[in-house]
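Chain identifiers are assigned alphabetically (A, B, ...) following the order of the sequence lines, protein sequences preceding nucleic acid strands; residue numbering begins at 1 within each chain. No experiment lies behind these values; they were computed from the predicted model shown. Side chains included, hydrogens not; waters and symmetry mates left out as well; all remaining heavy atoms used.
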Number of protein chains: 2
Amino acid sequence: MSSSHYQQIQRYFSELIANKALLAGSKLPSEREIGEQFKLTRITVRQALQNLEAEGLIYRQNRRGWFVTPPAVVYDPASYLSFNLYVSEQGCQPSTQKLAQQLEPANAHIATLMGIPEKTPVLFLHRRRYIDQRPVLIEKMYINIALLPGIENEDLTQSLSQLLKNKYQLEYHNMDLFFKSTSLPAHAANDLGISAGQPGLHIERINYLTNDENNKQVLEIDYEFWRHDAVTINISIRD
Amino acid sequence: MSSSHYQQIQRYFSELIANKALLAGSKLPSEREIGEQFKLTRITVRQALQNLEAEGLIYRQNRRGWFVTPPAVVYDPASYLSFNLYVSEQGCQPSTQKLAQQLEPANAHIATLMGIPEKTPVLFLHRRRYIDQRPVLIEKMYINIALLPGIENEDLTQSLSQLLKNKYQLEYHNMDLFFKSTSLPAHAANDLGISAGQPGLHIERINYLTNDENNKQVLEIDYEFWRHDAVTINISIRD
DNA sequence: TAACAAATCTGGTATAGACCAGATTAACGA
DNA sequence: TCGTTAATCTGGTCTATACCAGATTTGTTA
């Protein structure tokens with residue numbers, strides 16, 4: 001059977017969490033305490049904790065300790081609902097913080113996708129989003145201001161889909177999505193307040209104005225970096 | 001800047017791989033050799049290698065060594081193309097191995113989704129799929145034989161979507177998809193020949209026969225366990 | 001030459017320490 | 001009471017070493 005020592009620790013905490021003996025958000029004993037309890041060295045303890053982290057059962061806060069992961073939110077990037085509505089419908093409290101907003105010349109990739117000349121200004125928006133005060137998502141968005149004049153003067157901590165609907169009478173439900181399960185790049189890990197190399201989910205989204213394949217107008221290109229343990233993606237495909 | 005020792009190793013190999021000085025599939029020096037080269041202990045070396053693994057740049061084979069990860073395949077679960085066509089179109093060689101096939105009584109979850117009584121027999125199909133001889137995906141499928149009579153007598157290493165199309169004149173493009181980035185459960189890691197706890201991508205797919213929301217007929221429920229470094233998911237949403 | 005056994009190489013697991021830097025808490029002084 | 005400082009706690013990084021089990025290679029033997 002699975003008899004290595006670190007697996008015993010893993011099972012121990014797995015069961016505590018499954019049985020709700022350890023509730024979401026609560027703190028685990030320190031690595032040194034666990035080591036004493038099981039008569040194992042810290043390295044062995046850390047191996048177990050890192051595996052539990054990979055499973056998404058626990059997460060760490062830099063030099064503060066290990067904590068039980070709250071349940072993942074179900075998120076549908078293609079939904080009519082915004083992040084805010086989604087999260088609150090699931091009984092959690094969403095919030096959004098704007099980290100940066102500026103006009104930037106489009107790089108080659110962005111320009112090609114948007115069908116605009118390179119170095120045309122686009123609106124860069126950098127946001128951090130929270131679920132129950134826990135930072136879970138970094139967004140970096142490039143917005144086609146040619147299609148959305150004046151958007152830079154709006155409150156950009158709110159839901160973009162709401163804003164487009166209310167101010168521009170636009171709804172985008174045509175998009176290309178790319179998902180990749182990989183570790184968080186340094187900048188995203190930094191923004192999330194965790195150490196680089198933690199596992200994450202990387203989403204690239206290209207939002208189109210129309211569903212005309214021959215005249216694709218790109219409203220917005222969105223890069224999302226999620227904590228891997230914070231979200232389950234749900235998409236319904238209907239023809 | 002990022003000055004810890006293991007980060008130096010990480011950068012070193014990152015650059016070798018980026019510059020194609022180390023090609024996909026090639027073997028890294030052993031942990032002990034790397035340690036000698038950098039005058040660092042094996043624990044430090046392993047920290048670097050584990051981070052590179054989390055980034056998807058390298059992967060390990062149990063007690064054989066560390067290898068450079070081949071480029072990820074782009075996969076669209078909602079596509080008209082099958083896994084086989086997808087992979088070969090990207091210049092790689094797909095193959096499929098049937099690990100198990102049997103009639104099983106439906107459990108509560110399956111029965112509810114399929115709208116059949118619990119313990120009604122469903123066809124369980126367990127497959128392993130390879131890209132260029134590398135096992136990357138474990139599939140566990142539950143097939144509604146009431147809608148697909150005689151399917152258990154077909155060759156089930158082939159593409160299911162092809163089979164449904166040819167034999168039953170069915171095409172399913174209505175589905176619910178769930179993605180979760182998490183470590184591989186023990187059974188899947190085992191089937192993939194890697195140690196448990198490695199990062200993975202978990203997909204649950206429910207395939208419907210029609211797009212009638214009031215009369216959902218479930219053809220098949222599919223659980224997919226992917227190596228996290230083997231695939232990028234791509235989905236196009238059009239209304 | 002083919003079959004088998006032994007030596008070797010690899011990562012997997014583990015011990016027993018050590019020092020650092022950031023976060024938290026306790027103690028102290030105004 | 002409030003603000004600052006110092007002690008303490010926590011995970012982050014690292015050295016040095018050891019033994020194990022599976023995979024591979026080498027060597028030997030029939």
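Between D:dT13 and B:Thr44, no contact under 4.0 Å exists linking OP1 or OP2 to a side-chain N or O. Considering only side-chain N and O atoms, B:Thr41 lies nowhere under 4.0 angstrom from the phosphate OP1 or OP2 of D:dC14. Taking 4.0 angstrom as the limit, A:Arg42 places none of its side-chain polar atoms (N or O) nearer than this to OP1 or OP2 of C:dA16. The phosphate of C:dT13 has OP1 or OP2 within less than 4.0 Å of a side-chain N or O from A:Tyr6. Proximity of A:Arg60 to the phosphate of D:dG12: a side-chain N or O atom is located under 4.0 Å from OP1 or OP2.
With B:Asp191 as the fixed residue, the side-chain hydrogen bond (donor to acceptor under 3.5 Å, both in side chains) test singles out one of B:Arg128, B:Gln97, B:His126: B:His126.
Donor-acceptor pairing under 3.5 Å, judged by distance alone, is present between the side chain of A:Arg32 and the base of D:dG11. No N or O donor and acceptor, one from the side chain of A:Arg64 and one from the base of C:dA23, sit under 3.5 Å apart.
Nearest-nucleotide positions on DNA chain C for B:Ile43 and B:Glu31 put B:Glu31 closer to the 5' end. Where A:Gln47 and B:Lys27 each meet DNA chain C at their nearest nucleotide, the meeting point lying more 5' is that of B:Lys27.
Residue B:His5 places its side chain closer to D:dT15 than to any other of C:dG11, D:dT15, D:dG12. If you check D:dG12, C:dT13, C:dG12 against the side chain of A:Ser4, the one that comes closest is C:dT13.
At whole-Å resolution of the value, CZ in A:Phe38 and P in C:dT15 are 13 Å apart. Taking atom CD of residue A:Gln10 and atom C1' of nucleotide C:dG12, one finds them 14 Å apart after rounding to whole Å. What separates CD of A:Gln61 from C1' of C:dT24 is a distance of 13 Å, to the nearest Å. Rounding to whole angstrom units, CD1 of residue A:Ile194 and P of C:dG22 are separated by 18 Å. Atom P of nucleotide D:dT10 and atom CD of A:Glu36 are separated by 10 Å, given to the nearest angstrom. Protein atom CG of A:Leu28 is 9 Å distant from nucleotide atom P of D:dG11, rounded to whole Å. Rounded to an integer number of Å, the gap from CD1 of A:Ile58 to C1' of D:dG11 is 12 Å. C:dA14 atom P lies 17 Å from atom NZ of A:Lys39, rounded to whole Å.
Inter-residue side-chain proximity for B:Asp76 and B:Ile235 is flagged as met; some heavy-atom pair is nearer than 4.5 Å. Contact of the A:Leu49 side chain with the A:Tyr6 side chain is not registered, since no non-hydrogen atoms from C-beta on lie closer than 4.5 Å. Proximity of B:Arg127 to B:Leu125: side-chain heavy atoms (C-beta onward) are separated by under 4.5 Å at one or more points.
Ring to ring, B:Phe225 and B:His187 are close: their centroids are under 6.0 angstrom apart.
The residue A:Gln50 sits apart from the nucleic acid: no heavy atom pair falls under 4.0 Å.
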